[in-house]
Amino acid sequence: MQQPYASTVEMNMPFTGAKIVLLMGDQLITILRDDRPDIPYPNHWDLPGGGREGRETPLHCALRETREELGLTVPPGSIVWGRRFCAPDQVNWFFVAYVPTGFEQQIVFGDEGQRWSTMDVTQFLRHPKAVPQFQNRLKIFLKERSETKNPPLL
């Protein structure tokens, strides 16, 4: 079965890291970043994900980071969208997965970040302390979803 989000060629290209939106209906799972001056976007709401390790694929990176940060195992089949985003100095992936309502009850919070929370999608998109590029990437997914006449969020 072909992946709904990327070609095999894209998935095997070099990249820096990956993030994932875990959607439960109109809610998503967020992580409040540590409040340290030596990291980008301190004390901002972030999404699960992080840097590539070894030769892992973008999807494996996002799923591994989700396990490490939240103790959650996301089934690869729940991924409905993914996109590569290129900047002058790095390439990052952004995935979206639908997970069942109540999925957050399985969270075992790791040692990165201050805490986790669920947040309404609209609240995340408007939050002044959400990581801006992830707000923009989520907007792209939502716009493309509405243009393809897919059903509303679960």
Side-chain angles (χ1 to χ4, degrees), residues 1-24 27-119 121 124-125 127 129-145 153-154:
M1 171 184 237
Q2 186 168 353
Q3 300 163 337
Y5 44 83
S7 71
T8 303
V9 171
E10 287 180 305
M11 292 294 281
N12 288 312
M13 295 174 76
F15 72 100
T16 308
K19 291 285 184 173
I20 187 168
V21 176
L22 302 174
L23 286 174
M24 300 173 300
Q27 300 282 307
L28 53 87
I29 298 172
T30 59
I31 299 170
L32 184 59
R33 292 178 62 81
D34 289 317
D35 193 8
R36 298 184 352 225
D38 62 324
I39 63 171
Y41 300 102
N43 206 40
H44 276 63
W45 289 102
D46 196 358
L47 299 168
R52 181 183 196 183
E53 290 184 1
R55 297 177 55 93
E56 67 189 349
T57 67
L59 182 56
H60 286 115
C61 175
L63 298 178
R64 174 188 51 76
E65 287 282 348
T66 302
R67 277 190 313 276
E68 291 175 3
E69 295 172 355
L70 298 171
L72 295 174
T73 300
V74 178
S78 66
I79 307 294
V80 297
W81 190 86
R83 174 80 44 86
R84 201 167 42 109
F85 289 88
C86 301
D89 60 340
Q90 59 183 317
V91 174
N92 289 296
W93 278 82
F94 190 82
F95 294 98
V96 177
Y98 289 140
V99 295
T101 302
F103 194 64
E104 77 280 7
Q105 294 174 12
Q106 301 172 40
I107 291 177
V108 177
F109 193 58
D111 59 2
E112 291 183 38
Q114 299 177 61
R115 63 186 172 97
W116 68 272
S117 181
T118 58
M119 190 179 292
V121 169
F124 181 80
L125 293 174
H127 202 294
K129 287 281 201 163
V131 177
Q133 65 262 32
F134 304 143
Q135 290 171 311
N136 293 334
R137 292 170 187 179
L138 180 55
K139 286 177 188 175
I140 292 168
F141 162 73
L142 294 171
K143 182 177 186 294
E144 288 183 9
R145 179 171 181 65
L153 299 176
L154 301 175

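In this chain, numbering begins with 1 at the start of the sequence shown. As the structure is a prediction and not an experimental result, all values here were calculated from the model.
Taking a cutoff of 4.0 Å between a charged side-chain nitrogen and a carboxylate oxygen, Glu56 and Arg52 do not qualify as a salt bridge.
Remark: Gln27 engages Met24, Thr118, Asp120 in a side-chain contact (heavy atoms from CB on, under 4.5 Å) (not counting sequence neighbours). In this structure Val131 satisfies the side-chain contact (heavy atoms from CB on, under 4.5 Å) test together with Arg33, Tyr41, His44, Asp46, Gln133, Phe134, sequence neighbours excluded.
In terms of heavy-atom proximity, Tyr98 sits nearest to Phe141 at OH-CZ, 3.9 Å. When all heavy atoms of Leu70 and Phe109 are compared, the closest pair comes out as CD2-CD1, 4.0 Å. For the residue pair Asn43 and Lys129, the shortest heavy atom distance occurs at O-CD, 3.9 Å.
Within the 3.5 Å criterion, the main-chain N or O of Cys61 finds no donor-acceptor partner in the side chain of Glu53. The backbone N or O of Gly102 lies less than 3.5 Å from a partner atom in the side chain of Glu104, making a donor-acceptor pair. A distance-only check finds a donor-acceptor pair linking the side chain of Gln135 to the backbone of His127 [under 3.5 Å].
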Does the pair Lys139 and Leu125 meet the rule for a side chain to side chain contact (heavy atoms under 4.5 Å, CB included), with working shown? CA-CA 8 Å; Lys139 286 177 188 175; Leu125 293 174; 3.8 Å; yes
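None of Leu28, Thr66, Leu47 except one satisfies the side chain to side chain contact (heavy atoms under 4.5 Å, CB included) rule with Leu22; the exception is Thr66.
Atoms CE and CG, from Met119 and Leu32 in turn, are 8.5 Å apart once rounded to the nearest 0.5 Å.
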